[in-house]
Amino acid sequence: MNLKKLFFTTLLLSSTLLFSQSMVGLNVNDEDFEIEGAVDISSLSDYGNGTTYMINSNFISTEIEELVSVGLSANNSFQGVDGLNLSLGMNIVFLEDYWASPMMIRASYALPLIESIPTVSLSARFLYAPSVLSFDEAEEYFEFRTEASMEVISSVSVYMGYRNIEASYTDISDETFNDSFYGGLKIGF
């Protein structure tokens, strides 16, 4: 990893932890690890209609390469379905000689089982950048994630998930950056 990417990642994650109103998480498997964070910036605006604005960041390190992602999203509950939350936003994804700006949609659903077991939620997230939003040597970017989490202590969740990240380069048709299951821990602030 070059010094510039290491500095950027350190700055990104430390600012997330310092100003965090939301969460920080770590997930691992046999071959890679991910650090992620989210900062609630809603208090910086006077727009109070229930929408939460977040700055999201994550860093994934695999055996071959590292990925850094920063994004901005708007989150709100879906009217008419208790426990369903939707997020829309944009990210910037950096790999070596590759960067893209995918659009993001995320849905999460808190299962109505509060009386029987701790809070359990399911989520899915899609990110897609066609060629017009892919730069340098990037041709296209696609990411899919799904997670199941359980709050074991107030504001502390354990989770399991699956992610598939496809990074297409201009000279290589498709490259799978990551296709794996993982488990982790998230702490809310």
Side-chain angles (χ1 to χ4, degrees), residues 4-27 33-61 66-95 98-110 119 121-130 132-135 138 141-151 153-159 161 163 165 182 184-189:
K4 182 176 151 183
K5 194 181 275 187
L6 181 62
F7 173 75
F8 178 72
T9 304
T10 304
L11 178 66
L12 175 72
L13 293 174
S14 64
S15 65
T16 299
L17 290 173
L18 288 174
F19 301 110
S20 181
Q21 294 295 319
S22 294
M23 76 85 191
V24 64
L26 172 69
N27 66 64
F33 75 92
E34 178 179 23
I35 299 170
E36 57 185 329
V39 178
D40 181 353
I41 59 170
S42 301
S43 62
L44 301 177
S45 72
D46 293 331
Y47 190 62
N49 67 346
T51 301
T52 304
Y53 299 96
M54 307 288 285
I55 293 177
N56 308 294
S57 63
N58 68 321
F59 171 76
I60 301 173
S61 178
E66 289 86 23
L67 178 141
V68 175
S69 176
V70 180
L72 178 65
S73 64
N75 313 291
N76 207 334
S77 58
F78 188 73
Q79 295 179 4
V81 182
D82 287 339
L84 180 61
N85 292 301
L86 297 177
S87 302
L88 298 172
M90 294 271 310
N91 280 25
I92 299 175
V93 176
F94 298 96
L95 291 144
Y98 182 107
W99 72 281
S101 185
M103 298 171 284
M104 185 268 303
I105 185 167
R106 179 178 184 271
S108 64
Y109 181 66
T119 303
S121 62
L122 306 172
S123 67
R125 180 171 68 177
F126 297 92
L127 288 95
Y128 177 68
V132 296
L133 295 175
S134 302
F135 308 97
Y141 180 86
F142 174 77
E143 179 177 334
F144 168 72
R145 291 175 184 250
T146 184
E147 288 181 0
S149 67
M150 177 183 282
E151 188 175 53
I153 302 172
S154 181
S155 299
V156 178
S157 298
V158 294
Y159 63 101
R163 68 177 159 247
I165 301 173
Y182 56 87
L185 177 73
K186 289 183 184 176
I187 301 172
F189 296 93

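None of these values were measured; they are calculated from a predicted model.
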Looking at F78, I'd like to know if its CZ atom is crowded, meaning that more than 12 non-hydrogen atoms belonging to other residues, nucleotides or ligands lie closer than 6.0 Å.
no

Could you work out, with side chain to side chain donor-acceptor pair (under 3.5 Å) as the rule, every residue matching S157, not counting sequence neighbours?
none

If we check salt bridge (Lys or Arg N to Asp or Glu O under 4.0 Å) with R163, which of these qualifies: E34, E147, E143?
E34

How long is the straight-line distance from CD1 of I41 back to CD1 of I55, given to the nearest 0.5 Å?
4.0 Å

So, for A110 and S121, which heavy atoms are closest and what is the spacing to 0.1 Å?
CA-CB, 4.0 Å

Mind checking what makes side chain to side chain donor-acceptor pair (under 3.5 Å) contact with S123, not counting sequence neighbours?
none

Quick one: closest heavy-atom pair of Y109 and V81, and the distance?
CE1-CG1, 4.2 Å

Can you name the residues that form a salt bridge (Lys or Arg N to Asp or Glu O under 4.0 Å) with E151, not counting sequence neighbours?
none

Could you check if a side-chain atom of V93 sits within less than 4.5 angstrom of a side-chain atom of I165, using non-hydrogen atoms only?
no

Under the side chain to side chain donor-acceptor pair (under 3.5 Å) test, which residues partner Y159, sequence neighbours left out?
N27, E36

State whether a side-chain donor-acceptor pair under 3.5 Å links S69 with N91.
yes

Could you pull out the closest heavy-atom pair between S134 and Y141, with the gap in Å?
OG-N, 4.2 Å

Just verifying a value: how many Å separate N56 CG and M90 CE, rounded to the nearest 0.5 Å?
13.5 Å

Just so I know, are the side chains of K186 and S149 near enough to count as touching, which here means a heavy-atom distance under 4.5 Å?
no

Sequence neighbours excluded, which residues qualify as side chain to side chain donor-acceptor pair (under 3.5 Å) partners of N85?
none

Counterpart residues, salt bridge (Lys or Arg N to Asp or Glu O under 4.0 Å), relative to R106 (two or more places apart)
none

Under 3.5 Å, is there a donor on one side chain and an acceptor on the other for N76 and T51?
yes

Quick one: does L95's side chain get under 4.5 Å of L67's, heavy atoms only?
yes

Min side-chain heavy-atom separation I105-L86 under 4.5 Å:
no

What distance separates S101 OG from F94 CZ, expressed to the nearest 0.5 Å?
9.0 Å

Y182 side chain near F33 side chain, heavy-atom distance below 4.5 Å
no

Within the structure provided, determine whether F189 and V24 are in side-chain contact (heavy-atom separation under 4.5 Å).
yes

Closest heavy-atom pair, I60 versus R145, reported as atoms and distance to 0.1 Å, is CD1-NH2, 3.4 Å

